[in-house]
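Here the structure comes first, spelled out in structure tokens, and everything after it is commentary.
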Amino acid sequence: MSEITDDLLQHGFRYAYSLCHQTADAEDLVHDAWLKLLTSNKKVSKGLLFSSIRNLFIDQYRRSNLINIDIDLQVNELPMHDVNDELLVSKDALQHALSLLRASEREVLFLHSVEGYTASEIAKLTKSSRGTVLSSLFRSKRKLKKILNNHEAKPLSAVSGERS
Amino acid sequence: MSMMDLLLKDFYQEQSLSSEKLESIKSSMLDESKNKDTIHQSEVTNSRVASPSSYQHNSRQNMRKGFFTLAFILVMLIPLALVINTGKQKHRLINEIVLNHQKPFIADVVGSDFVKIQNDLSAVNFDINVPVHIRGKYHLLGARYCSLANQLAIQLQLLDKKTQKKSSLFITPLSEEVRPFSSSVNNGVNYASHYWSNQSLFYALLSENTL
């Protein structure tokens, strides 16, 4: 039972992390969502936990602008290198590239690539249409690849300097 | 699975709650011990199916709400439908009475004696009982067989003693078709109709308006 709970909480944390891309914020999100579910008389499931985390994240964003989900890099203006799936990228590069994506873009990538959700399942969770999810998934992947290519073209130190 | 998916998967798999934070969350869970029984192992373990399950739960709730709303609307609509249907039936009955009244009156029995006419109209299987107040107010001109609400009826042509206006009194057995109108009055532009009944007969008196 304890292992199951741990596993569920870790899944919830990763989902929260995909949304806010900050460890501390993600920890708080999953903690708050977990407590919220426990105080309600609902059966705890991964879907419900994800849904609760998502609602809390949106609520927090509405209350303050601490969570920036509207960062939108003008990807089309970046030089396009050959996008190759075999490209090896460092963890830092991926971390940085993901930080440049919007929360909704990270979310759809996480749910699809990590959790293995189908477009229909993502559509249910995000309350959007399957077509919207598919196009968002395509655009997010393309954007991430472009950022990674652009990042690889720059020295890592230069990228780190931009972030700070 | 593409390299991009693998990269993302590896990246996110490396992210995890610290053991301290995990314990912190779990200890808060113990505080909420009253709700511990709501955690169902079967739902938690089924990781992929678990995601839509909560939505299925929600959709079941929505379906239940929708069902009750629909049932409530239907229950509210039934009396309305009955009222509308009764209104239509009454409209049909009035039309039938007016049409019978307007038809050229070819009497099956001619006479002014109510008792004699009652005896002469032997084809009907009910006793024609003309109310006393009708006998006092009207002269009888004649009578004929007709139909009303899909059953055999008698039409008496009457002449108002005061206004000299023609009226028609329809008498037919009291049936379910006419029972709902057995105590009502309808005032139209050209005609006024009055309906009543006794234990076995239904009466409809149609009078031409004096205006």
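Sequence lines set the chain letters: A, B, ... in the order given, protein chains first and strands last, and positions in each chain run from 1.
When heavy atoms are compared at a cutoff of 4.5 Å, A:Leu49 does not approach chain B at all. Neither the backbone nor the side chain of A:Ser120 comes within less than 4.5 Å of any heavy atom in chain B.
In this structure, B:Leu8 and A:Leu144 have side chains that are in contact, with non-hydrogen atoms separated by less than 4.5 Å.
Atom OH of B:Tyr145 has more than 12 heavy atoms from other residues, nucleotides or ligands within 6.0 Å. Remark: B:Asn95 CG is packed, more than 12 non-hydrogen atoms of other residues, nucleotides or ligands lying under 6.0 Å away. Around the NZ atom of B:Lys137, the shell of radius 6.0 Å holds no more than 12 heavy atoms that belong to other residues, nucleotides or ligands.
Salt-bridge formation is detected for the pair A:Lys141/B:Asp5: a Lys NZ or Arg NE/NH1/NH2 atom is positioned less than 4.0 Å from an Asp or Glu carboxylate oxygen.
Summarising the geometry, atom OG1 belonging to A:Thr23 is positioned 12.0 Å from atom NZ belonging to B:Lys21; distances are rounded to the nearest 0.5 Å. A distance of 11.0 Å separates CG in B:Asp10 from OG in A:Ser113, rounded to the nearest 0.5 Å. Here CG of B:Leu7 is found 13.0 Å from NZ of A:Lys91. Values are rounded to the nearest 0.5 Å.
Inspection of non-hydrogen atoms places B:Phe11, B:Tyr12, B:Gln13, B:Glu14, B:Gln15, B:Ser16, B:Leu17, B:Ser18 of residues 11-18 of chain B under 4.5 Å from chain A.
Remark: A:Ser135 engages no residue in a side chain to side chain donor-acceptor pair (under 3.5 Å) (not counting sequence neighbours).
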For A:Gln10 and B:Leu22, run side-chain contact (heavy atoms from CB on, under 4.5 Å): C-alpha distance rounded to whole Å, both residues' side-chain angles, the deciding distance at 0.1 Å, then the answer.
-> CA-CA 9 Å; A:Gln10 295 292 7; B:Leu22 199 58; 4.1 Å; yes
